[in-house]
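Presented below is the structure to which this report refers.
Proteins get letters first, then strands, A, B, ... in listed order; numbering begins at 1 in each.
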Amino acid sequence: MGFIRWLANIDRRIIFVVIGLAVAGPLLVPLNLPPVTVTSQARAIYDAVEALPTGSTIVVSFDYDPAAAPEVHPMALAFLRHCFIKKHKVIIMALWPQGAQLAVRAISEISSEFDLKYGVDYVNLGYKPGGAIVINLIGTSFAKAFPSDINQTPLNQLPLMSKVNNLKDVAMVMDLSAGDPGIPAWVMVANALFQRKVAGGTTAVSAPQFFPYLQSGQMMGQLGGMKGAAEYERLVKHPGLGSRGMDSQSVAHAVIIVFIIFANVAYFALRRKTPSGGPAAAGGAPPPAAP
Amino acid sequence: MDGLTFIGTWIAALLTLFIFSFLYKDNPFYKFAEYLFVGVSAGYFVAYNYHNAILPNLIRPLFAAGSVDVPKGAVLRLLQDGAWDWRILTILAGLLGLTMLFRFFPKAAWVSRYGIAFSVGLGAGLSFITYLQANCVAQVYGTILPPAVINNGVFDFGTSLTNTLLIIGVVSGLVYFYFSKEHRGAVGGVARVGVWFLMVSFGASFGYTIMARISLLIGRMDFLITDWIKGTLRFLGLM
Amino acid sequence: MPGFFERGDSPDFHELTPERRDELLDKIAQAVVKRNLTAPAVFFLESVKPLSFIGSQVMVFFDPLVRSVFNIKGYNDVRLALEDRGNLELLLLAIEKYDAEWRAKMREEKARRKTKAQ
Amino acid sequence: MRRELPMIVAFVAGLILILQFFIPALRDVSESVQNWVIVVAAFAIAVGAFNLLRVNYMKIRFRRADWPFSVVLIAGFVVMVVVGLSGLDFVREGGSAVPAAVGAPTAATAAAGAPTAGTAVAVAAAPRGALTVKLGQGIEVGTVFDWLFTYLMFPMSGTMFALLAFFVASAAYRAFRARTVEATLLLVSAFIVMLGQVPLGSFWVPAWWPFFLTPDWLKDKIMEIGNTAGQRAILIGASLGVVSTSLRILLGIERSYLGEE
């Protein structure tokens with residue numbers, strides 16, 4: 001009985017310590033669990049990039065911030081790698097101010113693997129505020145929204161942009177999104193108004209929201225969270241933080257599941273003892289001391 | 001790793017630990033990081049918007065001195081060459097933007113209505129079209145599915161069940177939203193089913209949320225282990 | 001700059017009175033319970049507790065815009081309530097209290113209906 | 001007039017945007033007008049930042065709880081803005097590390113638009129080969145601004161949300177109890193999704209195990225049916241709200257954005 005009561009009211013700091021160990025442990029000593037299974041949504045993006053004729057233009061929008069970087073940044077690296085392996089041209093832009101800065105970082109992390117020429121193989125247009133309006137504007141004119149790139153070079157000085165007037169000249173859009181403005185804006189404007197193929201890489205927090213878009217075909221594919229990043233890393237055969245993190249992810253999930261089981265076992269055991277509902281029924285564990 | 005990176009990594013690691021100290025209890029170190037974070041972020045937004053929006057989209061089209069790369073600004077063209085340039089209307093954008101600042105002065109707050117009305121009006125125009133088309137019509141269209149599917153003369157049980165459940169879920173969910181006050185009768189029953197579907201979505205969302213937060217923790221732990229501890233050891237020549 | 005920094009009397013700078021706070025928390029808690037959203041709300045509130053101050057500052061940041069576009073009553077009160085992390089715990093307790101009351105009522109009603117049927 | 005004119009501005013702006021899809025001749029006008037939004041949005045962000053400063057300044061002035069931290073907040077803001085606008089640059093003494101020409105004028109010379117070579121400012125008496133800081137380039141990688149982004153903003157922003165991992169775990173423990181039908185559905189759905197997402201959820205599954213009982217398969221079905229239906233109901237419900245509000249704003253029925261009076 002004492003044990004059951006303990007199970008019903010585990011101190012939150014015990015949970016904290018266990019979670020910390022569950023995450024740090026596998027990073028120090030990898031468990032080498034089998035790789036993630038690739039979902040059809042990730043496969044769809046990969047296949048679409050594969051199917052594009054060499055040299056197609058792809059817009060990659062960096063709409064995330066450092067808070068989402070562990071989830072979305074590995075996707076950015078994996079996706080850019082895939083584009084450059086297939087010799088596609090990449091137009092980078094950002095609807096989040098931190099996104100443009102993270103894009104520069106992403107390019108510098110992978111540039112040694114490819115022979116990239118700025119202005120020819122890729123451009124970084126930088127950031128603009130305005131969200132959906134910016135997408136609507138590049139739907140008719142990139143130069144109107146982005147008179148110059150992130151280094152303040154006018155667009156007409158960039159060979160890549162001389163062939164691209166607006167979204168109609170772009171084969172697909174990949175939005176790396178951590179919230180608003182992000183995937184909804186791209187789907188609603190670039191897909192609905194300008195009929196572009198839109199794919200998304202997003203934090204796991206927002207991924208479930210976009211399943212209706214996937215079902216209706218408004219979005220062609222999606223990478224969800226660090227697991228989505230691991231899937232794409234597996235597809236392009238270049239493991240990174242996404243794959244490295246999956247061991248910790250597995251163990252942490254298992255630990256949380258065990259805690260949930262504990263809570264419910266204790267809840268039902270105590271409820272049977274006290275037919276009126278028991279102490280747990282009045283709202284689960286008593287409020288732990290605020291930290 | 002050079003000296004600047006070394007110092008930076010240590011500052012970053014200390015700030016990381018300041019924030020994690022909240023796990024023990026709320027304390028001044030956490031508060032320090034919290035307030036600093038808010039201040040630095042706001043400063044970042046302002047500076048970034050100046051360089052990425054105000055400068056290229058407002059100041060340069062009007063006042064650029066003119067070079068091989070950048071055409072001369074519209075104001076300078078008018079003043080120096082007497083030439084008319086439609087880009088001079090960009091001044092209006094600047095004025096609309098400036099009106100926003102009047103919000104802080106009670107007597108002149110009405111001036112700020114122009115900037116707000118302009119953005120709200122334009123936003124409403126775009127939202128009207130996009131939400132109607134992408135989130136309403138396209139989503140309803142995506143729900144109009146055959147509840148019984150026959151493939152090559154064989155009844156496809158899986159797809160039929162999926163379609164049927166999808167239709168029931170969407171309809172009952174909408175009933176829950178629009179008649180949430182009615183808890184009785186047939187409508188109440190349908191709304192109850194709607195809540196069940198919503199609970200499944202919320203559960204899925206929470207499962208994903210847990211996954212997301214764990215991933216972020218993995219990111220920070222990876223920083224502490226790889227960049228900070230191993231980086232420092234390498235910097236000091238111990239590894 | 002008169003009006004910019006000197007408006008100490010503006011409601012923007014008031015502190016939240018305990019009465020107003022309790023009223024606000026009660027209202028939110030009741031709305032949550034009535035809509036059958038107890039479990040998701042408890043999970044959500046419990047999980048974002050450390051960020052409540054940052055949330056309040058984000059509300060300060062967007063205040064001039066949000067309040068000029070939408071007429072949200074109590075925006076300022078919610079913002080002030082968020083500044084103090086303890087208030088989230090109070091809200092959680094209020095939700096759990098109303099939830100227990102509400103479920104007790106449902107159980108009673110069920111029992112009554114059963115006895116009536118017999 | 002103080003209300004009517006802004007209402008007309010809103011109506012015309014919205015109308016231009018809608019009509020551009022039907023009248024190609026309007027495209028030029030509409031593009032310019034949308035470009036203005038970018039400028040106005042940038043000002044709006046400045047307004048938000050001002051408000052943040054104002055509220056925290058008052059907190060200091062009236063010595064409200066935690067006021068010393070508000071000093072930290074304002075200091076962080078000021079440093080970031082000053083560094084960002086002046087474009088301070090790390091430069092190696094005697095080195096030509098930073099080419100100072102292309103584009104990016106400093107705030108001071110921005111109006112003239114003339115690219116200027118930065119003015120070197122030694123932060124401290126610089127010993128041989130030491131770092132100085134230079135006025136110049138704006139905000140690219142390698143600048144002081146970028147350094148502050150990398151070592152202040154990045155770790156704080158990342159850790160704030162990483163901290164939630166711990167709280168999400170304790171929240172799951174506290175909230176996920178199968179008390180009612182609703183709570184049970186929530187719990188089971190979260191449970192399966194968490195298992196189905198990671199390798200740990202599937203690698204132990206023996207070959208004879210029916211596929212429709214694997215966490216992987218169940219998770220896919222939950223996402224594709226239950227989650228899609230629930231999220232779609234939310235999406236459609238919210239879109240109806242947005243569409244009607246937009247229409248009310250354009251037609252001048254909804255006027256709350258014009259403020260009191």
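D:Phe21 touches chain B through its side chain: at least one heavy atom from C-beta onward sits under 4.5 Å away, while N, CA, C and O do not. Both the backbone and the side chain of D:Ala44 come within contact range of chain B, each with at least one heavy atom under 4.5 Å from a heavy atom of that chain. Heavy atoms of B:Phe223 lying under 4.5 Å from chain D are absent altogether. Neither the backbone nor the side chain of B:Ser112 has a heavy atom closer than 4.5 Å to any heavy atom of chain D. In this structure, chain D has a heavy atom under 4.5 Å from the side chain of B:Val195, while its backbone stays farther away. Neither the backbone nor the side chain of D:Ser32 comes within less than 4.5 Å of any heavy atom in chain B. Looking at B:Tyr208, both its backbone and its side chain come within 4.5 Å of chain D, counting heavy atoms on both sides. Contacts between B:Ser119 and chain D at a heavy-atom distance below 4.5 Å involve the side chain alone, from C-beta outward. Contacts between D:Ile234 and chain B at a heavy-atom distance below 4.5 Å involve backbone atoms as well as side-chain atoms. When heavy atoms are compared at a cutoff of 4.5 Å, B:Met211 approaches chain D solely by way of its side chain, counted from C-beta outward. Using a 4.5 Å cut-off between heavy atoms, B:Leu15 touches chain D through its side chain atoms alone. If you measure heavy-atom distances from B:Ile167 to chain D, you find no contacts under 4.5 Å at all. Both the backbone and the side chain of B:Val140 have a heavy atom closer than 4.5 Å to some heavy atom of chain D. In this structure, chain B has heavy atoms under 4.5 Å from both the backbone and the side chain of D:Val33. Interface residue B:Arg192: only side-chain heavy atoms are found under 4.5 Å from chain D. Both the backbone and the side chain of B:Leu126 come within contact range of chain D, judged by heavy atoms closer than 4.5 Å. For B:Leu98, the parts sitting under 4.5 Å from any heavy atom of chain D are the backbone and the side chain alike. Looking at B:Pro56, neither its backbone nor its side chain comes within 4.5 Å of chain D, counting heavy atoms on both sides.
Taking both residues in full, the closest heavy atoms of B:Ala47 and D:Phe145 are given as CB-CE1, 3.7 Å, listed atom of the first, atom of the second, then distance. In terms of heavy atoms, B:Ala53 sits closest to D:Ile38 at CB-CG2, 4.0 Å. When all heavy atoms of D:Ala13 and B:Leu122 are compared, the closest pair comes out as O-CD1, 3.0 Å. Summarising the geometry of B:Ala124 relative to D:Ile249, their closest heavy-atom pair is CB-CG2, 4.1 Å, with the distance given to 0.1 Å. Contact record, D:Val242 with B:Ser127: CG1-CB, 3.9 Å, taken as the closest heavy-atom pair. Nearest heavy atom pair, residue D:Trp36 against residue B:Leu89, reads CZ2-O, 3.5 Å.
In this structure the side chain of B:Val46 reaches within 4.5 angstrom of the side chain of D:Phe77, judged on heavy atoms. Taking 4.5 Å as the limit, some side-chain heavy atom of D:Ser70 sits within range of a side-chain heavy atom of B:Tyr35. Under the 4.5 Å side-chain criterion, counting only non-hydrogen atoms from C-beta, D:Leu152 is not in contact with B:Phe37. In this structure, D:Asn51 and B:Phe104 have side chains that are in contact, with non-hydrogen atoms separated by less than 4.5 Å. Side-chain contact between D:Gln231 and B:Ser205 is present, with heavy atoms from C-beta onward closer than 4.5 Å. Side-chain contact between D:Tyr151 and B:Thr5: present, with at least one pair of heavy atoms (C-beta onward) separated by less than 4.5 Å. The shortest distance between side-chain heavy atoms of D:Pro155 and B:Arg220 falls below 4.5 Å.
Comparing B:Tyr30, B:Tyr131, B:Phe18 by heavy-atom pairs within less than 4.5 Å of chain D, the highest count is held by B:Tyr131. When the candidates D:Arg232, D:Met160, D:Met80 are compared by the number of heavy-atom contacts under 4.5 Å with chain B, D:Arg232 comes out ahead. Your options are B:Phe45, B:Phe128, B:Phe197, B:Trp10, and the one with the most heavy-atom pairs under 4.5 Å with chain D is B:Phe128. Among B:Phe206, B:Phe202, B:Trp86, the residue making the largest number of heavy-atom pairs under 4.5 Å with chain D is B:Phe206. Interface check for chain B: of the options D:Leu52, D:Val81, D:Val168, D:Leu163, the most heavy-atom pairs under 4.5 Å are formed by D:Leu163. Contact count versus chain B (heavy atoms, under 4.5 Å) is highest, among D:Val9, D:Asp66, D:Leu195, D:Leu247, for D:Asp66. When the candidates D:Asn227, D:Val78, D:Leu186 are compared by the number of heavy-atom contacts under 4.5 Å with chain B, D:Leu186 comes out ahead. Annotation: maximal heavy-atom pairing with chain D below 4.5 Å, among B:Thr143, B:Ile11, B:Leu96, B:Ile214, occurs at B:Thr143. Note: D:Leu164 leads D:Thr184, D:Ile192, D:Leu164 in heavy-atom pairs under 4.5 Å with chain B. When each of D:Gly237, D:Ala190, D:Gly230 is checked for heavy-atom pairs under 4.5 Å with chain B, D:Ala190 comes out on top. If you tally non-hydrogen atom pairs under 4.5 Å between each of B:Val111, B:Thr90, B:Val171, B:Val38 and chain D, the highest count goes to B:Val38.
Judged purely by atom type and a 3.5 angstrom limit, D:Ser239 has no side-chain atom pairing as donor or acceptor with the backbone of B:Leu132. Between the side chain of D:Ser189 and the backbone N or O of B:Val200 there is at least one donor-acceptor pair closer than 3.5 Å.
D:Leu73 contributes atom CG, which lies 14.0 Å from atom NZ of B:Lys31 (distance to the nearest 0.5 angstrom). Between atom CD1 of residue D:Ile45 and atom OH of residue B:Tyr50 there is a gap of 15.5 Å, rounded to the nearest 0.5 Å. Expressed to the nearest 0.5 Å, how far CE of D:Met156 lies from CG of B:Leu36 amounts to 4.0 Å. Distance check, rounded to the nearest 0.5 Å: CD1 of D:Ile225 to OG of B:Ser201 gives 12.0 Å. One finds the CD atom of D:Gln197 at 11.5 Å from the CD1 atom of B:Ile210 (value rounded to the nearest 0.5 Å). Atom CZ of D:Phe50 is separated from atom CE of B:Met100 by 12.5 Å, given to the nearest 0.5 angstrom.
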For this session: Evaluate the criterion side-chain contact (heavy atoms from CB on, under 4.5 Å) for residue pair D:Leu240 and B:Phe177; output intermediate values, then yes/no.
Result: CA-CA 12 Å; D:Leu240 292 175; B:Phe177 280 129; over 6 Å; no
Exercise. Run the ring pair (Phe, Tyr, Trp, His ring centres under 6.0 Å) check on B:Phe22 and D:Phe166 step by step: do they pass?
Worked result: CA-CA 11 Å; B:Phe22 183 79; D:Phe166 297 98; over 10 Å; no
For this session: Verify ring pair (Phe, Tyr, Trp, His ring centres under 6.0 Å) between B:Tyr44 and D:Phe149, making sure each step is shown before the conclusion.
Result: CA-CA 8 Å; B:Tyr44 180 90; D:Phe149 171 76; 5.2 Å; yes
For this session: Would you check, one step at a time, whether the test side-chain contact (heavy atoms from CB on, under 4.5 Å) holds for D:Leu148 with B:Val40?
Result: CA-CA 9 Å; D:Leu148 290 174; B:Val40 165; 5.9 Å; no
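Under a cut-off of 6.0 angstrom, the local environment of CZ in D:Phe69 is crowded, with over 12 non-hydrogen atoms contributed by other residues, nucleotides or ligands.
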